[in-house]
Enquirer: 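If you scroll down you'll find the structure; I have some questions about it.
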Amino acid sequence: MKTDTKSCYLLYLLFSSTMDKFIYYRLIGYLVTLCTHLTNLAVVTSRLQQKLPSNPELTIFLNLQYRYLTIWTTVFQVIYAIMGLVCDTLIIIGKKSPTITTIRDASYKYFSAIVLPFAVLVFTLFWPIYFYDKPLVFPPKSNMVICPTSNIVFHAFILPVVVWELVFQPKKIYVSHTHSCVYILLMYVIYNTSLFYTRYGDYGVWPYLILKVLEGTIFFPLFFIFILFVLYTSYFTQSHLKSKVWEYREKIYIKEH
C-alpha cells in the first residue's frame with residue numbers, strides 16, 4: 001500500500017473510531033456547562049434576594065443585570081449546551097433524522113459566530129480591566145451578590161467551555177464566513193443598542209463605569225472598535241486552532257499505526 005493511500009486509510013479509521021467518543025466528551029462538556037452556569041445563576045439570584053431588603057441600593061444592580069454582557073454570554077452558552085445535549089443524546093440512542101441534523105448544524109454555526117467570539121471577548125476585556133481598576137467593570141456593590149467563585153464562573157469558566165467544545169467538535173463543519181460575520185455584527189449592534197438605550201433611554205446610566213469614564217473622549221469610539229476587532233479575530237482564529245488540534249491527532253494516530 002502506498003504511503004499516501006495508507007495515511008488516508010489510517011485517517012479514515014481515526015475518524016470512524018473516535019466519532020462516538022467525541023460525542024461522549026461533548027456530552028460531558030454540556031452537562032458540566034449547564035450544571036455550573038445554572039447553579040451559579042441560582043446562587044447569585046438567591047444572594048440578591050437576601051441582600052436586597054436591607055440594601056435598597058442594590059435595586060439598580062437588579063434592574064441592570066440583564067444589560068451586562070456577562071449575563072448574555074452565560075445565556076448563550078446555556079442555550080448552546082441544551083441544543084448540543086439534546087441533539088447528541090438523540091443521535092446516540094439512534095434517533096437520527098434530517099431535522100436533528102439541521103438543528104445540530106445550526107448549533108455549530110451559532111457556536112462559531114456567537115458563543116465562542118463573545119466568550120473570548122468577555123474574558124479578554126474583563127480581566128485586564130478588573131486587575132487594573134476593578135470598579136470600572138465590577139461595581140463595588142456587586143461584591144454583596146457576586147462572590148469570588150461566581151465571578152470566576154461568569155468571567156473565566158466561559159473560556160474553557162468553548163475551548164473544550166472546539167477541541168471535540170467534528171473536523172468538518174460547513175460554516176459560511178459571510179453569514180457568520182453578519183451574525184457577529186448583528187449581535188454586536190443588538191447589544192450596543194441595549195447599552196445606549198440604558199444610558200439615554202430608561203435608566204440614564206451606563207451599566208459599566210468604564211463607559212462613563214471614556215465617554216466624551218477619543219477612547220470611547222476606539223473602545224467599541226476594539227470590541228469588534230476582538231470578536232472577528234476570535235472568530236477567524238478558531239478554525240486555525242481546530243486545524244492544529246486535528247493535525248496533531250492525525251500525526252499521533254499515523255505514528256502509532
Side-chain angles (χ1 to χ4, degrees), residues 26-89 103 107 110-111 113-127 129-130 134-166 187-188 190-195 197-198 202-203 205-211 227 231 234:
R26 291 198 299 272
L27 286 176
I28 292 172
Y30 301 144
L31 290 172
V32 171
T33 298
L34 287 173
C35 291
T36 303
H37 277 320
L38 294 179
T39 299
N40 189 45
L41 289 172
V43 169
V44 171
T45 301
S46 176
R47 287 172 62 90
L48 182 58
Q49 292 175 345
Q50 292 174 4
K51 299 289 184 179
L52 190 58
S54 57
N55 299 275
E57 64 273 18
L58 286 176
T59 302
I60 185 64
F61 179 82
L62 174 64
N63 293 334
L64 294 180
Q65 61 180 323
Y66 298 113
R67 310 293 175 95
Y68 292 112
L69 186 57
T70 298
I71 300 298
W72 287 44
T73 303
T74 299
V75 173
F76 292 156
Q77 294 196 347
V78 168
I79 292 174
Y80 180 76
I82 292 174
M83 294 173 68
L85 182 63
V86 172
C87 290
D88 280 357
T89 299
I103 295 175
S107 73
Y110 167 62
F111 173 85
I114 302 298
V115 180
L116 185 144
F118 280 89
V120 173
L121 173 65
V122 170
F123 184 90
T124 302
L125 278 183
F126 179 82
W127 290 109
I129 300 174
Y130 179 87
K134 180 178 176 180
L136 291 178
V137 289
F138 197 85
K141 295 297 181 181
S142 300
N143 289 322
M144 301 173 63
V145 178
I146 302 176
C147 64
T149 301
S150 292
N151 186 32
I152 291 174
V153 172
F154 277 134
H155 301 107
F157 174 72
I158 55 174
L159 190 62
V161 164
V162 295
V163 171
W164 179 277
E165 173 65 15
L166 190 66
M187 186 56 64
Y188 171 83
I190 291 173
Y191 180 71
N192 285 336
T193 299
S194 74
L195 283 181
Y197 178 72
T198 303
D202 49 4
Y203 293 108
V205 297
W206 292 109
Y208 297 102
L209 179 60
I210 188 172
L211 295 176
I227 289 175
L231 288 173
S234 59

Enquirer: Extract all donor-acceptor atom pairs below 3.5 Å that involve side chains of residues 41-50 and protein atoms in other chains or at least two apart in sequence.
Expert:
| from | atom 1 | to | atom 2 | distance (Å) |
| --- | --- | --- | --- | --- |
| Thr45 | OG1 | Leu41 | O | 2.8 |
| Ser46 | OG | Gln50 | NE2 | 3.4 |
| Arg47 | NE | Val145 | O | 2.8 |
| Arg47 | NH2 | Met144 | O | 3.2 |

Enquirer: Considering residues at least two apart in sequence or located in another chain, which fulfil the side-chain hydrogen bond (donor to acceptor under 3.5 Å, both in side chains) criterion with Tyr110?
Expert: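 Residues passing side-chain hydrogen bond (donor to acceptor under 3.5 Å, both in side chains) with Tyr110: none at all.
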Enquirer: List the residues meeting side-chain contact (heavy atoms from CB on, under 4.5 Å) with Ile152, not counting sequence neighbours, and say none if there are none.
Expert: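 Scan of Ile152 (side-chain contact (heavy atoms from CB on, under 4.5 Å), adjacent residues dropped) gives Ala156.
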Enquirer: What residues, two or more places apart in sequence or in another chain, satisfy side-chain hydrogen bond (donor to acceptor under 3.5 Å, both in side chains) together with Asn143?
Expert: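 Result, side-chain hydrogen bond (donor to acceptor under 3.5 Å, both in side chains) vs Asn143: Lys134.
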Enquirer: Who passes side-chain contact (heavy atoms from CB on, under 4.5 Å) against Ala81, sequence neighbours left out?
Expert: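 Scan of Ala81 (side-chain contact (heavy atoms from CB on, under 4.5 Å), adjacent residues dropped) gives Tyr30, Thr33, Leu34.
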Enquirer: Can you name the residues that form a side-chain hydrogen bond (donor to acceptor under 3.5 Å, both in side chains) with Asn151, not counting sequence neighbours?
Expert: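 Partners of Asn151 under the side-chain hydrogen bond (donor to acceptor under 3.5 Å, both in side chains) test: His155.
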Enquirer: Residues two or more places apart in sequence or in another chain: which of them pass side-chain contact (heavy atoms from CB on, under 4.5 Å) with Thr59?
Expert: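 Checked Thr59 against side-chain contact (heavy atoms from CB on, under 4.5 Å); matches are Leu52, Asn63.
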Enquirer: Listed by chain and number, what are the ring pair (Phe, Tyr, Trp, His ring centres under 6.0 Å) partners of Trp164, not counting sequence neighbours?
Expert: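 Testing Trp164 for ring pair (Phe, Tyr, Trp, His ring centres under 6.0 Å), a comparison that skips the adjacent residues, returns Phe168.
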Enquirer: Suppose we screen for side-chain hydrogen bond (donor to acceptor under 3.5 Å, both in side chains). Which residues come up paired with Trp206, at least two apart in sequence or across chains?
Expert: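 Applying side-chain hydrogen bond (donor to acceptor under 3.5 Å, both in side chains) to Trp206 gives Glu215.
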Enquirer: Could you list the residues that satisfy ring pair (Phe, Tyr, Trp, His ring centres under 6.0 Å) with Tyr66, not counting sequence neighbours?
Expert: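 For Tyr66, no residue satisfies ring pair (Phe, Tyr, Trp, His ring centres under 6.0 Å) once neighbours in sequence are set aside.
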Enquirer: Using the salt bridge (Lys or Arg N to Asp or Glu O under 4.0 Å) rule, collect all pairs that involve residues 137-164, keeping only residues at least two apart or in two chains.
Expert: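 Pairs touching residues 137-164 that pass the test: Glu57-Lys141.
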Enquirer: Would you please name every residue forming a side-chain contact (heavy atoms from CB on, under 4.5 Å) with Ser234, sequence neighbours left out?
Expert: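 Partners of Ser234 by the side-chain contact (heavy atoms from CB on, under 4.5 Å) criterion, ordered by chain and then number, come out as Leu116, Pro117, Val120.
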